[in-house]
Amino acid sequence: MPRDGAPSAPLLGSATDRPQTVSARKDAYEQLRRLSTWRLLSATKAPAVLAILQTVFPGGSRRLGRSDLVARVETHLDLLHEDGQGRTAPEYVDSWVREGYLTRRDDPQHLETMFEPSPATIDAVQFIASLEEHRPTTTESRLQLVLQQFDRLAQETETDRDVRLADLQRRRAAIEQEIRDLSEGELLLPDAGTSADRLRDILQIASELSGDFLQYREDLRAVDLHLREQILSPEASRGEILEQLLAGDDLLGQSQVGRTFTAFFRMLNDPAQTRRAQDVVDRLLERDFTQHLTRDDREMLANVFSDLYEPAQEVLDVKTELYRSLARFVRSQDFRQHRVLLDLLQEAQGLALAQKDEVSTRFPFSLDLRVARVRMSSVSQHRLKDPTDPGAPVEAEVHDATTLSVEVLQDLVRTNDIDTVGLTGSVNRVRSLAGQASIGDVLREEPARQGLASVIGLMFLATQFAQEREGSTEVVGWRELDGNDYAAKVPAYYFLDDVPVE
């Protein structure tokens, strides 16, 4: 299935081609031609646009604010103005958003709108790169990867116990023979060039994941929109959906894209899998055949897993926010107001369609619309002052950062009578919604009933039952019992499983 959601066409040269099949395929291609990837590749200025987007977004995964993006496009306008005419950089950016080449995102952590390449652009860049490299995809290493996956799937799904046992015995005999050969000093290694080709093919598969993360976000938004449309539809199925959402079911996570991403994310955050994978990467980097790789390939190999964490976390954040928004949409009864509005719009459309053949489009109406006029001005010209604001202090009070050990946290929990049982329930509830939860996620969903004591209790639970993201921190906020809001920077811990209830 292509990224834009159009049906995929059959392979060339199918033996079952018939006139009606060719006609249907032609219609499918007409639909594909309207998608962003095809439009970008067939655009008159496609070489310049692709070159600029590749330069502006190195690797295809970087986000830029509007001002930074416009400034970078501005430096390459001469490539777009070869005929001496053209638009300004902001106009090009806006047109690329409309064409689907760029995706616009409102990030609460940034003051201005952020932009990133769309999945269609990622596909177009990867396609052009494959033409430029002239590397055939029908390599021996890729065939081996396919055969290995077929063999593994056949083994795991075999229902005949005798066949499965015979296969295990065959594999054991092969391993024992390899052990004997190594014991006798015989060490056979594949050709260095062949090993390098196999590694390049694996890295190519890994590089395609960056575009897949963008598509995950778009697919999740499409599922969210489809659920909202079902809620507002007059069909009988909406009642079942409402019951599931009111019961707390994560319909986004139960969708096909939700299940696929959740499985991928769990594997990516499995500590044992991560350590084993990183150990394999470190061993590969020490092999002599990696000298046949380019510098970019070796750098990609070194960071192949660490580069996946940030985009995967962004997809999880989108999934969590969509789930919460959908739950609020149902529990707040906002969908009833939307349904009433939809019924009124449909009624108005029905009346208009009934009159379209009887009333001329030039028929004068005796309705006078009085449009109010207002003088428009920028809000930046106003400077507001809060009379109760004492202003910034002359000198800020700075506290030295200290590291709290498990023993110190345990002592604080014991001496301050912290409600660890209630905090355990809060962690498990928040984690069940998104598959994982950080300390900040728990505090955003469940208020800190004991103020700073609740934060200390969560830190104590995290050091025992959560996975620490080394080198990462997060800012957590809470409201103290005196009504004042506070914030602190703590190490980033992620609860991947439920905390045992003591």
Side-chain angles (χ1 to χ4, degrees), residues 1-7 27-28 30-31 34-36 94 97-100 103-108 113 118-120 215-259 261 315 317-374 376 432-434 444-445:
M1 181 74 73
R3 295 188 188 281
D4 297 273
D27 293 339
E30 288 291 348
Q31 296 180 12
R34 301 187 186 100
L35 301 181
S36 299
D94 293 336
V97 172
R98 290 192 300 269
E99 292 292 334
T103 301
R104 181 165 45 200
R105 292 281 177 259
D106 291 327
D107 192 340
T113 303
S118 67
Q215 190 61 37
Y216 268 131
R217 299 208 305 257
E218 299 302 322
D219 290 345
L220 286 171
R221 289 189 170 91
V223 173
D224 175 71
L225 179 61
H226 178 66
L227 290 173
R228 292 174 186 267
E229 290 175 346
Q230 287 185 290
I231 292 172
L232 297 177
S233 68
E235 300 176 359
S237 61
R238 74 182 184 191
E240 180 181 352
I241 294 177
L242 287 174
E243 290 179 2
Q244 290 177 305
L245 290 173
L246 289 173
D249 291 349
D250 183 9
L251 297 185
L252 281 170
Q254 295 172 11
S255 64
Q256 180 179 358
V257 61
R259 293 194 303 268
F261 173 74
V315 176
D317 292 342
V318 169
K319 175 179 174 294
T320 304
E321 181 57 34
L322 289 175
Y323 169 79
R324 293 171 180 169
S325 175
L326 188 61
R328 287 194 298 267
F329 180 68
V330 173
R331 292 171 183 169
S332 65
Q333 303 296 313
D334 285 348
F335 71 94
R336 298 185 183 274
Q337 301 177 11
H338 286 71
R339 190 178 297 165
V340 171
L341 181 60
L342 182 61
D343 292 340
L344 292 174
L345 289 174
Q346 291 176 344
E347 181 182 357
Q349 290 176 349
L351 293 174
L353 290 174
Q355 299 294 323
K356 68 181 181 65
D357 296 330
E358 301 179 10
V359 180
S360 172
T361 56
R362 298 183 179 181
F363 182 79
F365 286 91
S366 59
L367 180 61
D368 184 17
L369 294 178
R370 297 183 179 180
V371 181
R373 295 183 178 181
V374 61
M376 304 297 294
S432 64
L433 296 178
R444 280 189 290 272
E445 294 298 321

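Quantities reported herein were computed from a predicted structural model and do not represent experimental measurements.
- A donor-acceptor distance shorter than 3.5 angstrom exists from the side chain of Ser36 to the backbone of Glu99, with no hydrogens or angles considered.
- A pairwise comparison of heavy atoms in Leu433 and Lys319 identifies O-NZ, 4.1 Å as the closest pair.
- Between Asp224 atom CG and His226 atom NE2 the span is 11.5 Å, to the nearest 0.5 Å.
- When the side-chain hydrogen bond (donor to acceptor under 3.5 Å, both in side chains) test is applied to Ser325, the partners found at least two apart in sequence or on another chain are Arg228.
- Minimum heavy-atom separation, Gly100 to Ala120: O-CB, 4.2 Å.
- The neighbour count for Arg104 CZ, taken as heavy atoms of other residues, nucleotides or ligands under 6.0 Å away, does not exceed 12.
- To the nearest 0.5 Å, the span separating CZ on Arg324 from CG on Leu326 amounts to 13.5 Å.
- Heavy atoms of other residues, nucleotides or ligands lying less than 6.0 angstrom from CD of Glu30 number more than 12.
- Residues Leu344 and Val340 meet the side-chain proximity criterion, which asks for heavy atoms closer than 4.5 Å.
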